[in-house]
Amino acid sequence: AAGEEAQSFRQVDTSTSTGQDHKIIANLRYDIDTATRITVQPNITWDMSRSNARFDGATSVGGALSNATATQQSSESSRFALRSDVNVIHRFAKPSRSITLRIRGNTSATDGTSTLLATSLRGEGIGTPDTTDQRGTLNGTATSIAPSLSYNEPIGERLRLTLAVDGSTSSSRSDRNTLIDLDGTKSYSTTDTLLSNVFRQSTRTIGGTSTLSWSDSTIQISAGLRYQSLNLNGESVFPFVSTTSTSFSNALPNASITFLAMQDANLNITYAAETQTPTIQQMQNVVNNSNPMVLSVGDPTLEQTLTHTVSASYSSSLTDLNGYAYLFVNAGYTTNPIATSTVIAARDTVSDGIPLLQGAQLTRPINLDEAFSAGIVGYVGVALDSIPLHLYADFGLNTNRSPSLINAVSNTTVSTSLQASGSVAYYRDQEHVVSGMVRIDHSTFSNELRTDLNTSFTTLQIIAGVTWMFWKNITIRADV
């Protein structure tokens, strides 16, 4: 607006991180008889990570320094998870008639610690800066169990009916505790209630699905309807007690058609409706102040989203060229999407009880009207054995149109990404391969309201490599 001075923000970041991931996966199978099989698939995961970061930021208004911040933070976390799938399938004497019982269980625990030391200076020449010195812990647990039962019944030679019922129950707890140093003694004995929270969430679902399928040698058609009921409960027990209870009921249709009559090719078209439930992190009403100039907080009143997706895929064997081609197209429409509401402080202020420095931002998730997405992906590969040479090319184009709010004013963001690559590999023999690849990525982001945030960038990669396989399949590869 006329008369307003230009405001700019500059930030420099440096960070390091390390991590370890470990997994144990097993597949156990037992045949009770020739018609009944039990399969158990346990999965154990544990991981650890550490990170350190520093960033320095400064906000200027009309060319004069308004405020500056310097932040150092570190974090450590560990996670253990156990998941197991149990499947029991029984096949009846009648062909294609079967019944399947599946039970999926999951439990996990997360422990983490963090430190934050941030100093902020308001305006040039102002003496003692504000200092935030805090230590934090984050402990979380989650458990879930989801049984399902499905039955397949052939109706004649080409028609099949599938009936399924399923349910699930899950619970999670997140305990975030932040201690601050008020007297400079590094005792960290005072709890910051604005940055601490104990939140519990439980989910109960029950659903049923019916699907009718018809097929012959030229076409496959299926249509189904799923009804599901979900109850979501959230409870904040610290620093204040509050509860949120929401129930959702949905009838979600789906359909697909596959054409098989085309020589060396097939075409598949599908439609599906699905929902997305807010996560415990999105619903947790606690401030994340790891960057004092970019704060975030959750919203316990978030609702479910509903997405309708139409997709089509085409694949073909290029027999004359000893190759293969694939094309995939999809489009999605989402109602009630979980978007972002951002408050940008024009001066030192308080928003929803949260203090903000001039130039600082506060973001929170929010349900808005609608969002759109579309994409297309394709690739083709051929093998010229007479040379011998392998050629490969792929591309992808995706666009998303999503809503948001900036200082309570609607802002539409459109993001578009284009990726394309081509590669060639020359096989002197099975042990010696020379290859090359060119890849280009182009992305754009445009904002209806904040045009100053519009960005566009392009990256180009050119890679050449040599692979040598020698004694007992030991491989050496060098890339430039």
Side-chain angles (χ1 to χ4, degrees), residues 222-228 230 232 246 248-258 267-279 281-283 296 298-299 301-315 326-344 361 363-379 394-421 440-459:
S222 69
L225 182 66
R226 171 174 173 78
Y227 175 82
Q228 65 180 25
L230 180 147
L232 179 66
T246 306
F248 304 100
S249 296
N250 305 98
L252 306 174
N254 65 83
S256 70
I257 180 169
T258 303
L267 172 66
N268 175 261
I269 301 173
T270 64
Y271 160 78
E274 61 181 1
T275 59
Q276 178 184 354
T277 302
T279 65
Q281 290 80 13
Q282 291 173 322
M283 296 184 67
S296 62
D299 183 356
T301 65
L302 287 175
E303 297 183 357
Q304 200 176 43
T305 70
L306 175 63
T307 300
H308 303 270
T309 303
V310 177
S311 61
S313 63
Y314 174 81
S315 59
Y326 178 80
L327 184 68
F328 177 80
V329 181
N330 74 294
Y333 170 71
T334 301
T335 59
N336 211 29
I338 298 176
T340 300
S341 174
T342 303
V343 175
I344 303 175
Q361 300 181 13
T363 64
R364 68 171 69 243
I366 186 175
N367 291 109
L368 295 179
D369 294 333
E370 57 187 14
F372 303 91
S373 64
I376 179 171
V377 176
Y379 62 82
D394 68 75
F395 74 95
L397 176 63
N398 293 279
T399 182
N400 292 275
R401 185 177 185 272
S402 55
S404 64
L405 295 178
I406 299 180
N407 289 339
V409 179
S410 176
N411 175 61
T412 299
T413 302
V414 178
S415 62
T416 303
S417 63
L418 171 65
Q419 173 269 322
S421 68
I440 186 170
D441 294 90
H442 178 73
S443 299
T444 61
F445 300 88
S446 62
N447 293 269
E448 177 185 21
L449 185 63
R450 291 291 304 274
T451 56
D452 58 305
L453 299 178
N454 293 351
T455 60
S456 175
F457 60 89
T458 302
T459 61

Atom [atom1] in [X], atom [atom2] in [Y]: separation rounded to 0.5 Å?
X	Y	atom1	atom2	answer
I338	T277	CD1	OG1	8.0 Å
E274	R226	CD	CZ	11.5 Å
R364	T340	CZ	OG1	11.5 Å
Q282	I366	CD	CD1	12.5 Å
I406	T363	CD1	OG1	11.5 Å
F445	T455	CZ	OG1	5.5 Å

Say whether, by atom type as modelled, one donor and one acceptor occur between the side chain of [X] and the main chain of [Y] under 3.5 angstrom.
X	Y	answer
N268	S313	no
D299	T301	yes
S404	N411	yes
N336	Q304	yes
N400	S373	no
N407	I344	yes

TODO: Take T307 and T334, measure what side chain to side chain donor-acceptor pair (under 3.5 Å) needs, and give me the verdict at the end.
DONE: CA-CA 4 Å; T307 300; T334 301; 2.9 Å; yes
Open item on the list: Evaluate L397 against T416 for side chain to side chain contact (heavy atoms under 4.5 Å, CB included), listing each step before the verdict.
Closed with: CA-CA 7 Å; L397 176 63; T416 303; 4.0 Å; yes
TODO: State whether the number of non-hydrogen atoms from other residues, nucleotides or ligands found under 6.0 Å of N454 atom CG is greater than 12.
DONE: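 Check passes, neighbour count above 12.
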- [ ] Start with the C-alpha distance between N254 and T270, add both sets of side-chain angles, then the distance that settles side chain to side chain contact (heavy atoms under 4.5 Å, CB included), and finish with yes or no.
- [x] CA-CA 7 Å; N254 65 83; T270 64; over 6 Å; no
Open item on the list: Just to verify, what does Q419 make a side-chain hydrogen bond (donor to acceptor under 3.5 Å, both in side chains) with, not counting sequence neighbours?
Closed with: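 D394.
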Do [X] and [Y] make a side-chain contact, defined as non-hydrogen atoms from C-beta onward lying under 4.5 Å apart?
X	Y	result
L418	I440	no
I376	F395	yes
F248	Q228	no

Check [X] against [Y] and note the closest heavy-atom contact, atom names and distance.
X	Y	value
S443	S417	OG-CB, 3.8 Å
L302	P278	CB-CG, 3.6 Å
T458	H442	OG1-ND1, 2.6 Å
H308	A273	ND1-CB, 3.9 Å
A339	L368	CB-CD1, 3.7 Å
P403	P337	CG-CG, 4.1 Å

Task: Set of residues satisfying ring-ring contact (aromatic ring centres under 6.0 Å, His included) with respect to F328, sequence neighbours excluded - done: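 Not a single residue meets the ring-ring contact (aromatic ring centres under 6.0 Å, His included) criterion with F328.
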Open item on the list: Does the plane of the ring in F372 sit parallel, tilted or perpendicular to the ring in Y333? Use 30° and 60° as the thresholds.
Closed with: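 F372 and Y333: tilted rings.
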